[in-house]
Structures are given as structure tokens and as C-alpha cells.
Amino acid sequence: MKLEKEKQDRREKKKKSKHSSRDREKDSELNGKHKPSSKMKQSDSQSGVSSFSSAVNCEAGAGDTHEDVKVDPDERNDGQQKSGSPEINNNNQEKTRSKSTKQRHNHQERTADEQLCDEDENLRSQSSRDSNQVQADDGPQCESVKMKKKKRVKEEKSPEKHDKNPPSGRKRKKSSSEHDKAEKNKKMKKDGDPEEKKKEKGKKDEESDKWKWWEEGKSSDTQKWSSLEHKGPYFPPEYEPLPDNICFNYDGQPVKLSPVTEEIATFYAKMLDHEYTSKEVFQNNFFCDWREEMTKEERKLIKTLSKCDFSQIHKYFVEKSEERKNMTKEEKQVLKEEASRLMEEYGYCLLDGHREKIGNFKLEPPGLFRGRGEHPKMGKLKKRIQPEDVTINCSQDSKIPAPPAGHRWKRVQHDNTVTWLASWLENIHGRPKYIMLNPSSKLKGEKDWQKYETARRLKMKVDSIRKQYRRDWTSREMKIRQRGVAIYFIDKLALRAGNEKDDESADTVGCCSLRVEHITLHRRLDAQEHVVEFDFLGKDSIRYYNKVPVEKQVFKNLKLFIKHKDPEDDLFDRITTVKLNKTLNESMPGLTAKVFRTFNASTTLQDQLNKLTTEGMTVEEKILSYNRANRAVAILCNHQRAAPKTFERSMQLLQEKIQKKKEQIEEAKKELKEAKKAHKDAPSDKSKKLLEKKEKAVQRLGEQLKKLQLQETDREENKVIALGTSKLNYLDPRISVAWCKKHQVPIEKIYNKTQRDKFAWAIDMTDENFQF
DNA sequence: TCACTAACTTAGGACACAGGGC
DNA sequence: GCCCTGTGTCCTAAGTTAGTGA
């Protein structure tokens, strides 16, 4: 509870801090534009800020120590550290600090631009160098923006074009869940089977039936479809009460719960094995929400979670899970067919006459919310979604999906400016959730393609943007300096934008929401100068830890940004993601912070592939090169995963295999030597054949060994890196397709079936000469 | 300008299942 | 035929961004 309170205090303080910064931005910008730097002091004191300044002076000591907090620990050793360390300050100074923070910030903001003026003296030489660069760049920049605008207008096409595609009415077979290897093996095994041949033919027909929307030109940005028909969402099955012999116990006594209370109890019981249920926040949230759903009597009786015994229920579900695993082939087949039937019925929609796969046609079942990281809402009850909660979106003239018997939809709308089919409000955060199309659909594919095209446009523009943010590092205005450094981080380190977050989510940050405590400045570290050490939790509470040498001016700016701030203060207190994106959009239409991630990821892949692939490599070696290039991107984007639970064991097994293979090679070499000798002593056809056989065996074993060793390297390097995220979201698929074509690597080795479906547009349109 | 929201993309973990090895 | 393992798929949380109205 104390922690939460502290967190809340900090957030309130942060909010105030940003607000007061914004108020003063007006002043500082005016000053910057109309007044010489020497007058800025006057201007500020005239605006009545001086009274705050005296308040700050009263606590000059505290101010000094706060400044120390941001300094390199190496420097803290010079006697500055102790009074400034947050651990020491936290308890006894907390009240004073929270009272004075706003005042200190006011002082800081008043003096920030004054400091910049002083700094400018030191930086003048660099400024002049930068301004030369600006002049060289400004002209073409404006021109290109105009050109792009013109081009965009031209690209807008009439949505009516969809009407040219009559509804096909064809039904597709389910194919996306099939695995590549399975397909291949099946084909090999049953090559002569006429049934199989029929299936293969069906698949081929299906391939040729695929909607090549990318050949039809770009559709309207606002109107997403002309006609949309679907069956509505699939509702999860109703709750099945526990058998009578399974008891919930309270304080050692069996208690028969009402169905609603029992259902929620099962949510908790199912999770007992999980670490979640050991967390206090989870327990409290669960218990609180659970009690709300209880009957009066139950609430009166069940007052303490620790007296609740869910073990029988837990055991029951473990057994059920085992039973499911041990089902016979036939039983499993029945389930599979049922799933297939559901998919057929609910899994597709008809969009502009084309059958498109839906991404998530099943509504989320009720359960307990599992936030990631230290989420304050973990354990809360995710309620069952009723048809009355669901809004349906489809075209007016379509067959409106029927709600489950005895129910009504919340609303039926016909909005073709959005892509979703159904939506509802989830009860944890009160945010909308949607049923949308699968990534293989036209709507998603076209957007994806557009995303990579924007990133490619950035490639043309990035030099001038880089020059601009470098110029900003020496601006007279604090907010512009901060913006310049923030964009530099986003570009150089592929950081996310970092929106402000509410109190009701995990404390994670991105670039704009970085706090002073997330960086440490090292004037010198590991033989490198001006190193910034980042340590923070990013999206999904994944830790970002990186030590990066930065340019001297960035380092100086960072020192300035953290001056007079507490560890929990915003590093970039004068900027927001909205302002930052607005600036980026002015540099290039369509440019936002996240485009840099796509751009840098794709550029890295392209560069690495060019560097790491050489002719004469085997396919396996080329794949290793590809994975290494992919890995470089995943590292850049900080895509991490937990090491697989079986990692150590599987590596050990692989190493044993390698050892065994080496022994086999030794053995085979011996045999080869003997065969050579035998052939030399008594040459014959037989001995010659034997010799050749042995030579081939050695060669084959050598290849197998190499393959295993490559596998070992690949797996080791992939231990905690997730390649999938970047492959699916950041890497322009055309790079991979072109690379495969150029180096004769089967595309199946790089993309599985689902990925090939998603990137069908790229696979179809790209030739080997494509460069990002 | 700001807070708030809708709509969409990006993300990692859980889990099912194919298929290789024995 | 069974077991084990890695891969693919599903699930849904958690971001970003644009739009809106006060």
C-alpha cells in the first residue's frame, strides 16, 4: 500500500511538473523569439516567478543534492554522493521534497533558458557548424514535402472500385493452421494417393483463388469497405458447475457456493500453480472483486482469502487437463472437427465480396486479469461479455448477425470508416476491444504495406531530419533541445515514443516518459567517453538496459536536463509524444516516432543481409546469416523472451548429438582408411565401390555435423531473443523475399505458412533486386 | 491546449500439436 | 506406439496515434 501511495504521489507531482512547464513554455518561446538572451532574466522576473526563486534559495542545500543524484556514480565518489542519494533522502526529506518540488521546478524552468544562454557560449563553435548544415538542407526539404503532398492526393482513389469485384461466394478450406513440414511430409508419403492428389489440387485452386488486392491499386484511406457481412462473435460456452463431490472449503468447512461465486473461484483455483497468486496485489484484487459478486450470505461468511481452500477445485482442473491430453485420437478428432466447424461458421467474413479471415472471432472468456509486470490491477475479475455489451459493425444491406437466443446486441452500426466487426468495453480499464480481420486480409495487408512505404520515405528524408535534430541540441529553447535529444534517442536506439500513462497500469516508460532515475551519465566508461546508461522497464515491463556512448553535446544537454531534478522527475519535462509527433509530421508527412523503429529495423536487416551473405554458402549457412541479421534487429528493438524452460536440457542433448556425430566421423574415417588400403592392396570393382561408399559416408557425416553445429550456434544466440516480433512487425517482407530469390533460399525456410499468408502481397510482387 | 477516447499496431506468454527419436 | 521437444497458433495485454470537444 505504501508503495502505491508513493507511486501516486510521484505521478501527481509529475503531472504538476509538466503542467507548470507547459505554462512557462509560452514565456520561454516568446523570449526565445523576440528577446535577446540577456533580457530573458528580466522577462522572467517580471512575470512574477522571482518569489518562487527565493523559496528555492531557502533550500539551496536540497537543490544541490538533487543535482548530484543525476551525476555519474564515478563522480559521486568525489564526496557529492551521500546527501543526494535517493535512498538517504527518501524517508526524512520526503515531505519537504514534495512540498518544494513544484517550487523548485518553477525555479528550474525560469532559469532553464538562462542556463541555455550560458551553455550557448560554450557551444557556439558547434552551433555555427550546424547552421552551415541547415542552409544546405532547407531547400530540398520544403520541396519534397510539397511533392509528397501532391503525390498523396493523387494516390487517393475512388472506393467504388471495390464494386468491380463481384462476390465470389466460394468457400475456402482451412489451411492456415497446417504446418509446413506436415504438408511436405504428407505430400511425400502419400504422393501416389489419389485422395491426396485431390487435396493438393484443391489447395492449388485455393492458391489461385486468393484475392490479389495489391494488384488493384490503393484504396481509400477513409472508407475501409463497401460491403461487410459476418456472423458476429462466437460466445464462450456458459459456465458448467463443479460436480457435487468437488468442494470449496472455508476455514476447514465445505461450503457450497452459488454458481456465480463458484465460477470466479474456479478462475483463481486454475491459477494456483502460477506465481501470480502469490502476489499480494493479485490476491487483494481478486478477493475484493470476488466478494462483490458473492451473495449476501457468502459475503458474510467468506471474509479472509487465507482461509479459503481451493485445492480440490485446483486438483479437479488439473485432472481434467490430463484427461484432455490423454484423449484418444478419435476423441481429439471430434474436437478438431468441432473447432473447424466453428471456424467455418464464425471465422470468416465477406468483405467487398471477398471471403476474408477474421483474426479473433471468439470473445474473450471471463477470468482473472493478468497484467504484465507489477500491474496494479492484476487479479481483478474480467467479467463475462454479454451480447448486450457488444456492438456489431456491418454493412446495412448485409444479413445482420443474430444475437444468441433471448438476447439483443448493444447496438448495430454500419460504419465503413472503421475496420472492426464487433466491439465491447472491457471492464478492467473500461477500454474498447475489437474483433478485427486476420493479418492476411486486405485491410491489414494494405496498411502494412503502407507502413513500410512510409519507412522507405523516411530513408530519403532521414539525413535532413538528423541534421535538424542536431541543430536543435544547441537551441536557446529548452523544449527544442529536449525534443532534439529525444528524437536522437528514438532514431539511434529505436526507443518507443513513451506516452504518459495513468496510475492504473504498470510503471513502464518510453522515450518521452523517461525519468531522471532511468539514466546514469558516465563521463568515461569502459574506455568510452560520454556514456549514457539506460535502465528502465519498457512495454510489457521488459527491461531495457543499455550503455551507449553519445555525442558530447547530447551528454551536456542531458546533464542540463537532469539539473535540479529529483530521480522521479521527467527527464524530458518540456515535451510530450503529441508535440514530438507533430514536429516529426512537419518534417515528413506521415512521420511519427514509431516509423523510426520500422525504418531502422528494416535498414539494419538489409545492411546485415548484404554483409553476411556470400555466394558459395550452403542454404543452412545462409539461414544462419538471415537469423543473425534478424537477431541484430531484435536486439536493436529490445525484443526479449524468457529463456525456454527446456533450454539447458535441449542444448545438452544437442551437444551430445554433436559429440556422437564426431565419433561417428572418426569411425567412418577409420573405415575409409581401411577401404583405401584394401583398394590399394587388391584393386577391384568391389573395393572401388566400397571406397567410394566410405568417402561419401564421411562427407555426409561431415555435412550433418556442420548442420548440427550451426543449429547449436543459432539456438545459443537465440536464447533470450525473440525473432518473431521484428519479423512480423518491423522488417519489410520484401527485403526477405528478395534475399530468398537472389540467394535461392526457399521462402518456406524464412516464413511459415501464417507468415506467408500475411506477406502474400510481398511474396507476389517482389523480385530479387528489391532493396529497402 | 488539453484530456479523453477510439482505433489500430505491437507484444510476449500459454498452450496445442506435429513429428522425430527411441 | 509413446514420449519429448520445438514450432506454430492463439490469446489478449500494452503500446501508439489521430481525432474530438471543451
Side-chain angles (χ1 to χ4, degrees), chain A residues 15 18-19 22-23 25-26 176-186 189 224 274 321 324-326 329 332 335-336 339 359-365 367 369-373 375 377-378 382 391 393 415 417-420 423 425-426 428-434 436-439 443-444 447-448 451 496-502 505-506 508-513 538-542 576-582 584-585 590-595 597-598 637-642 644-647 649-650 653-654 657 711 715 718 722 724-726 728-730 751-755:
Chain A
K15 222 174 180 179
K18 279 231 174 183
H19 285 193
R22 284 167 198 149
D23 294 343
E25 260 166 30
K26 284 181 191 167
S176 66
S177 62
E178 289 167 19
H179 293 218
D180 294 334
K181 281 182 189 170
E183 280 172 43
K184 236 185 206 173
N185 284 352
K186 270 185 201 166
K189 277 181 193 170
K224 315 285 184 188
H274 204 287
S321 164
R324 212 168 33 247
K325 277 180 199 162
N326 296 330
K329 230 177 175 181
K332 280 184 181 172
L335 288 184
K336 217 173 160 184
N360 55 329
F361 64 89
K362 289 179 179 168
L363 285 178
E364 292 173 18
F369 175 73
R370 309 181 185 200
R372 292 171 192 164
H375 201 294
K377 292 198 168 185
M378 64 168 84
K382 258 181 70 165
T391 301
N393 194 38
D415 181 358
T417 67
V418 295
T419 64
W420 53 268
S423 77
L425 283 183
E426 52 97 12
I428 302 290
H429 302 94
R431 289 189 205 127
K433 288 212 169 189
Y434 304 93
M436 288 190 183
L437 294 185
N438 183 272
L443 284 180
K444 296 285 182 190
K447 209 69 195 298
D448 218 29
K451 173 182 79 184
R496 295 187 184 85
N499 288 303
E500 293 251 346
K501 293 178 73 186
D502 55 29
S505 48
T508 61
V509 297
C511 184
C512 292
S513 48
K539 184 179 179 180
D540 293 322
S541 293
I542 298 290
T576 63
T577 52
V578 175
K579 287 177 190 166
L580 188 131
N581 278 337
K582 211 177 152 208
L584 291 174
N585 193 57
L591 181 60
T592 62
K594 85 185 180 89
V595 178
R597 266 169 88 81
T598 314
C637 295
N638 201 39
H639 292 144
Q640 293 185 33
R641 62 167 183 172
K645 283 168 197 160
T646 53
F647 183 81
R649 178 162 162 67
S650 78
L653 285 176
L654 188 59
K657 249 181 178 176
Q711 207 180 335
R715 204 180 288 176
N718 260 353
T725 309
S726 48
L728 231 48
N729 300 298
Y730 289 105
Y751 291 138
N752 64 34
K753 179 78 176 77
T754 314
Q755 292 163 343

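To find a chain, count down the sequence lines: A is the first, B the second, and so on, and within it residues start at 1.
Mapping A/Val418 and A/Lys451 onto DNA chain B by nearest heavy atom places A/Val418 closer to the 5' end of the strand. The residue among A/Asn438 and A/Val595 whose nearest nucleotide of DNA chain C lies closer to the 5′ end is A/Asn438. Each of A/Gly359 and A/Ser541 has a nearest nucleotide on DNA chain C; the 5'-most of these lies closest to A/Gly359. When each of A/Arg431 and A/Arg597 is assigned the nucleotide of DNA chain B with its nearest heavy atom, A/Arg431 is the one assigned upstream, toward the 5' end.
The NZ atom of A/Lys382 sits 11 Å away from the P atom of C/dA14 (whole-angstrom rounding). We find that CG of A/Asn360 is positioned 15 Å from P of B/dA7, with the value rounded to whole Å. Here the P atom of nucleotide B/dG12 and the CD1 atom of A/Ile542 are 6 Å apart, to the nearest Å. For the pair A/Lys377 NZ and C/dA14 C1', the interatomic distance rounds to 14 Å; values are reported in whole Å. Separating the CG atom of A/Asn729 from the P atom of B/dG12 is a distance of 9 Å, rounded to the nearest angstrom. One interatomic measurement links the two molecules: CZ of A/Arg370 to P of B/dA14, which rounds to 7 Å at whole-angstrom precision. The CH2-P distance, from A/Trp420 to B/dT9, rounds to 15 Å in whole Å. In this entry the distance linking NZ of A/Lys362 with P of B/dA14 reads 19 Å, nearest Å.
Here A/Thr725 reaches the OP1 or OP2 of B/dG12: one of its side-chain N or O atoms lies under 4.0 Å away. Contact check, A/His429 against B/dT5: no side-chain N or O comes under 4.0 Å of OP1 or OP2. Contact annotation: A/His639 side-chain N/O to B/dT10 OP1/OP2 distance is not under 4.0 Å. Considering only side-chain N and O atoms, A/Lys336 lies nowhere under 4.0 angstrom from the phosphate OP1 or OP2 of B/dA16. Under 4.0 angstrom from either OP1 or OP2 of C/dT17 there lies no side-chain N or O belonging to A/Thr577. In this structure, A/Arg496 reaches the B/dA11 phosphate: one of its side-chain N or O atoms is under 4.0 Å from OP1 or OP2. Phosphate contact (OP1/OP2 of C/dA18, side-chain N/O of A/Thr592, threshold under 4.0 Å): absent. The phosphate of C/dA14 (OP1 or OP2) has no side-chain N or O of A/Asn499 nearer than 4.0 angstrom. Between B/dT10 and A/Lys594, a contact under 4.0 Å exists linking OP1 or OP2 to a side-chain N or O. The phosphate of C/dA13 (OP1 or OP2) has a side-chain N or O of A/Lys433 nearer than 4.0 angstrom.
Considering only the side chain of A/Met436, B/dC8 comes nearest among B/dC8, C/dT17, C/dA14. Comparing B/dA7, B/dA11, B/dT9 by their closest approach to the side chain of A/Tyr434 singles out B/dA7. Among the nucleotides B/dA7, B/dG12, C/dT12, the one closest to the side chain of A/Ala722 is B/dG12. Of the listed nucleotides (B/dG12, C/dA14, B/dC8), B/dC8 has the atom at the smallest distance from the side chain of A/Lys224. Distances were taken from every side-chain heavy atom of A/Arg372 (C-beta onward) to each of C/dG15, B/dG12, B/dC8; the shortest belongs to B/dG12. Out of B/dA6, B/dG12, B/dC8, the shortest distance to the side chain of A/Pro432 is found at B/dA6. Nearest nucleotide to the side chain of A/Thr754, out of B/dA11, C/dG8, C/dT17: C/dG8.
Among the heavy atoms of the strands lying under 4.0 Å from A/Pro365 are primed sugar atoms or P, OP1, OP2 only; no base atom is included. Within the nucleic acid shown, A/Gly498 comes within 4.0 Å of sugar-phosphate atoms alone, with no base atom in reach, counting heavy atoms only. Residue contacts shown for A/Gln640 are limited to sugar-phosphate atoms, with no base heavy atom under 4.0 Å away.
Under the ring-ring contact (aromatic ring centres under 6.0 Å, His included) criterion, A/His639 pairs with A/Tyr730, not counting sequence neighbours.
Using a 4.5 Å heavy-atom threshold, the side chains of A/Thr419 and A/Leu437 count as separate. The side-chain heavy atoms of A/Lys501 and A/Thr508, taken from C-beta on, include a pair separated by under 4.5 Å. Within the 4.5 Å cutoff, the side chain of A/Lys382 has heavy atoms near those of the A/Ile428 side chain.
A/Thr577 and A/Asn499 share a side-chain donor-acceptor pair at under 3.5 Å. Side chains of A/Ser726 and A/Asn729: no donor on one and acceptor on the other come within 3.5 Å.
Classified by interplanar angle (parallel below 30°, tilted 30° to 60°, perpendicular above 60°), the ring pair A/Tyr434/A/Trp420 is tilted.
With hydrogens and angles left out, the side chain of A/Lys447 and the base of B/dT9 share no donor-acceptor pair within 3.5 Å.
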